[in-house]
Novice: 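Input: one structure, supplied below.
These numbers come from a predicted model, not from an experiment. Naming convention: chains lettered A, B, ... in sequence-line order (proteins, then strands); numbering from 1 in each chain.
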Protein chains: 2
Amino acid sequence: MAHESPTFSPLYRQIKNLIVQALDSGEWLPGQTIPSEQELALRFGVSQGTVRKAVDELAAENILVRRQGKGTFVSTHQDPRAVFRFLRLKAVNGGPVLPKSQPLECLRGKAGQEAARNLGIEPGSQIFIVRRVLKFDGKPVVIDEMYLPGDVFQGLSLEMLKEWQGSLYSLFESRFGVRMVRATEKIRAVSADRAVADVLNVQESTPLLSVERLAYTYGDKPVEWRRGLYSTAEHFYINELS
Amino acid sequence: MAHESPTFSPLYRQIKNLIVQALDSGEWLPGQTIPSEQELALRFGVSQGTVRKAVDELAAENILVRRQGKGTFVSTHQDPRAVFRFLRLKAVNGGPVLPKSQPLECLRGKAGQEAARNLGIEPGSQIFIVRRVLKFDGKPVVIDEMYLPGDVFQGLSLEMLKEWQGSLYSLFESRFGVRMVRATEKIRAVSADRAVADVLNVQESTPLLSVERLAYTYGDKPVEWRRGLYSTAEHFYINELS
DNA sequence: TAGTGGTCTAGACCACTCC
DNA sequence: GAGTGGTCTAGACCACTAG
């Protein structure tokens, strides 16, 4: 007996995809619980064990969070601890300080070749370009420049960015329904030019980390391309290998 | 009924620890298969499902590798693909090239405060200090300096390093029975001094990545502390966030 | 006390590999 | 065909949370 479905995959993976679709459609919002495993098993017509395996994988990917006795929750960037999920920066001395974002610019523009390729949109499409500084303990440490597809972030403005208390990704989540789920970063060492040096309060040509990030929402859809310049005088980028 | 065992943990986690102990003791060597799930279940007196969950976790940590129909294998650094598990460097242009290690020095010394703290040994203990260059496509890209506990790596020499064809970690695995299982890296941007610039064939004060790594073997025991300087003119450090 | 996820078991069948 | 891991199910009991 051959597999008849065009895209064969194990049952639990199909269930996983159905759950992701429900998340993507907004059926369950960040911070809320999803139905219990029993309910999901009924809904999808499979055993609880199969649902469990699907949820296990989504929990391993930080898309869902299980809490014994309470239920399974949709991950949210509202949680302050979630900030360091995507910001791998630690202070050399002292404990973890929540960084504060200071927006500098929010421009409308058209996607160039590189931005279009990274974001999977047509060259010339509307995009937003956001520049901001991240301050730790009042000191500027990171300068970011972000490229965001215009259709997804309609209505974004500098005022909105300035008013928001919290992380950028929690803003994207609350106002635009865009939840960042995964990202890849390419890291290089570069030299600070005059303008960047002034903002980060370092000498010109100080070595900086250049961190280029492509961030994805549900279904591996890229929705943010950014480049950050990190001053590593008092901080370092931390990574776990296994 | 209270838990009587001093360190309570779920059965599958106890099984996991027993498997790690067997690996640590050398009962099963890198590249070999471990007993089948049925055999392990019998040996430990638990169900196959419980063994499976233990093995699942070890496979997720890259300590074991499952191959359907063949069995479960102990991960090995002999596999050329394993090189990029701990070396997150990719060429900007062109495909993946296997780097070639060129050892420069292998010195005996005594652990200073920092090395001792990182390696969990007494200050003043015997250590080895190894320096080497990594070449991609014949071009020097990385210069590494490693600090290795003397008791673990007894007999290490420059000749041995020069003769070895393959990665450093595969040498450690074959000759010293030390298998690197996990590591943390702290990354900063620094400036090339004269000596480093000469080795890496770049201008003096070129920005470089400084990658400080602490690598662990089974049981979270640190056995290597190293610092690498990466030239990122034609390469970048890649990282996945989730 | 009821409901949730967490653990553990037992057994069936499938998919892959090797002989 | 025999043996391995991979999937799926069903059911029991435990641990945690909340009302």
Novice: Please find out if less than 6.0 Å separates the ring center of B/His77 from that of B/Phe172.
Specialist: no

Novice: Both distances below 3.5 Å, Watson-Crick or wobble geometry, any strand: find the nucleotide opposite D/dG19.
Specialist: none

Novice: Is any side-chain nitrogen or oxygen of B/Lys53 closer than 4.0 Å to OP1 or OP2 of C/dC8?
Specialist: no

Novice: Indicate, yes or no, whether a donor-acceptor pair under 3.5 Å links the base of D/dG5 to the side chain of B/Arg52.
Specialist: no

Novice: Would you kindly say whether B/Asn239 and A/Tyr237 are connected by a side-chain donor-acceptor distance under 3.5 Å?
Specialist: yes

Novice: Counting any heavy atom closer than 4.0 Å, what does A/Glu37 reach on the DNA or RNA strands: base, sugar-phosphate only, or nothing?
Specialist: sugar-phosphate

Novice: Looking only at heavy atoms, what is the nearest atom pair of A/Arg66 and A/Ala59, with distance?
Specialist: CG-CB, 4.1 Å

Novice: Would you classify A/Val46 as touching base, sugar-phosphate or nothing, given that sugar-phosphate means primed atoms plus P, OP1 and OP2, and contacts are heavy atoms under 4.0 Å?
Specialist: sugar-phosphate

Novice: From C-beta outward on A/Thr50, which listed nucleotide comes closest to its side chain: C/dG5, D/dC8, D/dG6?
Specialist: D/dC8

Novice: A/Thr33 near the nucleic acid: base, sugar-phosphate alone, or nothing, with a heavy-atom cut-off under 4.0 Å?
Specialist: nothing

Novice: Measuring from the side chain of A/Gln68 (C-beta onward, heavy atoms only), which nucleotide among D/dA10, D/dG5, C/dG5 has the closest atom?
Specialist: C/dG5

Novice: Does OP1 or OP2 of C/dG3 have a side-chain N or O of A/Lys70 closer than 4.0 Å?
Specialist: no

